[in-house]
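Scroll down for the structure; my scribbles are underneath it.
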Amino acid sequence: MATASTAAAAARPVRVADELRWELVRDEWELLLAIGSGPTSVADLCQRLSEPTDAVAARVRVLVDHQLVQPVGDGYGLVPVFHQRQEGMASYLRDMVIKRLQPAGPPPIAGALRDGLGGPEAVRTLIAAADESLFPPVVAAASRPESDRSERFTVYFAVASDCPPAGPTSDTLQAGLMRVLRAAAVQRSHPQLAPGAKLWIAEMRTDPEVADEIGGLFQSFMQAAPAGSGAGAAVFAILPTPSGAAVKPR
Amino acid sequence: MYEVSHHALDDQMTACFDRVGLVGRELRERLGHELKAKLVMSGGRDPVEVVGSAGAGKHKVVEAAHAAATELLGRRGPRVNLDCGSLAEPAGLEDALARAMRDARDGTLVLDRFGKLGEERRRAALSAASLGAGPERPIVLTIRRDVAGDTQPSPAQRIEVQPLHAREEDIWDLIDHFFEAASEDAGLEGCRGFSRQSKADIAEVVRQTGLASVRRLREIVRELVFEAASVSPAPLKVTSELVRPWLEQHCGQTTGDRQARDAALVASQFDALAARSMVERFSELHGVPAELIQRQADLVQEIIGYIDDVPRSYRNIVDRAEDIQRVGLWLVTGAETQADFRRFFGEERFMRPTKSVAWAFFNRVFKRDV
């Protein structure tokens, strides 16, 4: 699993598996999002975060020391990498999904659900296709420079080869999202079942039309996925990140 | 009106919990509801029984309850502890109880190790402690480790303190809390705490060993912090690289244990979210707070637990639950007679139950077979 950042990354970012760096990503999520692709000065950061200069500068230094942030022009920008999850699936989901996807929360701005995507082999092929042709343009779009109109969005994308079917009445998108996320998360937490599932959760700060464009990319990918017999299912949804629901580091 | 008063109560309750150092968001949330329902709303009139396994935090809960009584009920007296486990003779209990009641005037009387008394003496003690009124009568809290052998329903309201291993989020909060104290003792400077992975690993040990004791968790954290302090330079975070070998060596944890635990937690978190959504739906549908719906579900669960004289069939469960609801309504009206009961609902005839309905109600409440 990887989280997308707002880093400017034309080329596909490398993958990094480092527990300490992962911890910093999770602890300093707000600061990293505020830095974005940069260049962002410490003064700008202080203004965005409403925090004193000394404290912010010290935190940025730690991020630079651990290669999460680099000097860009007159300020700083994120180092474009994919950070592989270095914590249990349960705690990660608790912060990124369970605490965010509340039943009374805002509806998705875009989303789609597909059942009947075939068995494990078909799903593995679909995941490979997503890695190859879906995520690179999504990351590129998410990495465009921000503007004053930029907002925070969270993208959920899940694929599972062994997803239980919907209940007797057809799912709402929200219910389908939870159903496929659950199936993908359970599969990903079993090493032998993990290759048949993908869970991709990314938070980004972009303009609303960019979020819409990203929704279009996912929509096209989902529509093009071939049907097959089996319990394979996929879902995506883009939701505005609820204000005040930013994940408190713990 | 509900929103305003309950939010104000919540804030005051939070301040009480902070003051006594109650750590763990699951425990705090649950206890907040329980103390409001069982202590504050009743004005502290009914005894409250705090039940839980050894080391689960019963005494901390009692401390929090006393703080809530002081803050929210305006009690000014002290908290007085009476260790029932050290009272051998029945006469000794009476005297000690009378003395403790006097000492705890306008405060809180805590009957510790209450289970040691045996059922008869417990009932006698509770009824003696219920005498008097106003500041003369302290709030009565009892502490018990085990209620499994009880044959009679307790006359006290019950607050169950879940064992530590059943409180996943609290484990994480407690690890952070104990880290603060231990790192200062160990001189571990510049370290920001345990990584998420290492906290999950420690939580897995707590669950796997069925650890109920907060004290034991503190010891584990302390040992790991001192281990981390021996590394030079001090780590920015205590990661699983250090924690896992220690847990494997001292607690027999394996990679398989960790993976199985993680997978089980993933599924249960989603399921809990689905259950919560249902509570919120009912809350909206019936126009009452979600916490009330949850309390009602907990209450029904508890009522089912007390059905052991007849099979726990649908009919018997519904009958018993309805009877208890009727008893609740009778108590709410404060009626001593059927006429009082009918008058409670208003002066207009159409507002009141008919005499025959009130009669049937009375028979159900007082279990009169007619």
Side-chain angles (χ1 to χ4, degrees), chain A residues 17-28 58-59 62-63 65-66 84-105 158 164 167 172 174-175 177-194 197 199 247-250, chain B residues 25-26 168-177 179 190-204 207 235-244 255-284 290:
Chain A
D18 181 295
E19 191 176 339
L20 197 50
R21 286 167 79 179
W22 174 260
E23 281 295 306
L24 284 169
V25 168
R26 296 275 267 120
D27 287 351
E28 297 290 13
R59 285 162 64 196
V62 173
L63 296 178
D65 289 347
H66 289 84
Q84 284 186 263
R85 178 170 51 86
Q86 299 295 308
E87 66 177 295
M89 179 67 86
S91 60
Y92 180 69
L93 289 179
R94 187 168 58 212
D95 286 349
M96 299 301 286
V97 178
I98 305 293
K99 288 184 176 170
R100 290 183 177 210
L101 286 181
Q102 295 299 326
T172 59
Q174 200 95 354
L177 177 63
M178 297 308 287
R179 179 168 59 86
V180 186
L181 277 173
R182 183 188 189 280
V186 169
Q187 272 190 250
R188 291 293 307 166
S189 56
H190 283 99
Q192 65 279 26
L193 302 175
L199 194 50
V247 177
K248 181 80 187 134
R250 53 174 301 162
Chain B
R25 66 195 77 179
E26 275 185 57
E168 174 75 15
E169 287 213 48
D170 289 359
I171 299 172
W172 285 52
D173 291 341
L174 286 163
I175 292 171
D176 289 338
H177 178 70
F179 171 85
C191 181
R192 297 180 176 187
F194 285 88
S195 71
R196 288 161 182 79
Q197 186 58 70
S198 53
K199 280 192 267 195
D201 294 342
I202 298 169
E204 152 55 18
R207 186 208 59 83
L236 189 65
K237 281 217 165 178
V238 184
T239 62
S240 57
E241 194 184 353
L242 182 140
V243 170
R244 283 183 172 173
T255 307
D257 294 336
R258 287 192 285 265
Q259 284 170 351
R261 166 67 170 157
D262 194 39
L265 258 183
V266 166
S268 69
Q269 282 182 166
F270 275 96
D271 296 343
L273 183 63
R276 203 158 57 231
S277 330
M278 193 63 91
V279 168
E280 281 167 19
R281 259 177 71 187
F282 284 134
S283 153
E284 201 177 310

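Chain identifiers are assigned alphabetically (A, B, ...) following the order of the sequence lines, protein sequences preceding nucleic acid strands; residue numbering begins at 1 within each chain.
The distance from atom CG of D27(A) to atom NZ of K237(B), rounded to the nearest 0.5 Å, is 3.5 Å. To the nearest 0.5 Å, the span separating CG on D271(B) from CE on M178(A) amounts to 9.5 Å. To the nearest 0.5 Å, atom OG of residue S240(B) and atom CD of residue Q86(A) are 8.0 Å apart. Taken from CG in L93(A) to CD in Q269(B), the straight-line distance is 6.5 Å, to the nearest 0.5 Å.
A donor-acceptor contact shorter than 3.5 Å links the side chain of D262(B) to the backbone of M89(A). Checking side-chain atoms of E19(A) against main-chain N and O of S195(B) turns up no donor-acceptor pair under 3.5 Å. In this structure, the side chain of Q197(B) engages the main chain of G88(A) through a donor-acceptor pair within 3.5 Å. A distance-only check finds a donor-acceptor pair linking the side chain of E23(A) to the backbone of R196(B) [under 3.5 Å].
Using a 4.5 Å cut-off between heavy atoms, A267(B) touches chain A through backbone and side chain atoms alike. Interface remark: E204(B) contributes no atoms to any contact with chain A (heavy atom separation under 4.5 Å). Residue contact with chain B, scored on non-hydrogen atoms closer than 4.5 Å, involves the backbone and the side chain of L181(A) alike. Only the side chain of R192(B) comes within less than 4.5 Å of a heavy atom in chain A; its backbone stays farther off.
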Verify salt bridge (Lys or Arg N to Asp or Glu O under 4.0 Å) between E169(B) and K99(A), making sure each step is shown before the conclusion. CA-CA 13 Å; E169(B) 287 213 48; K99(A) 288 184 176 170; 3.7 Å; yes
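Between chain A and the options L265(B), L236(B), D201(B), heavy-atom pairs under 4.5 Å are most frequent for L236(B). Between chain B and the options S189(A), P191(A), A90(A), A175(A), heavy-atom pairs under 4.5 Å are most frequent for A90(A).
A 4.5 Å side-chain heavy-atom check between V186(A) and F270(B) finds every atom pair outside the cut-off. Within the 4.5 Å cutoff, no side-chain heavy atoms of V266(B) are placed close to those of R182(A).
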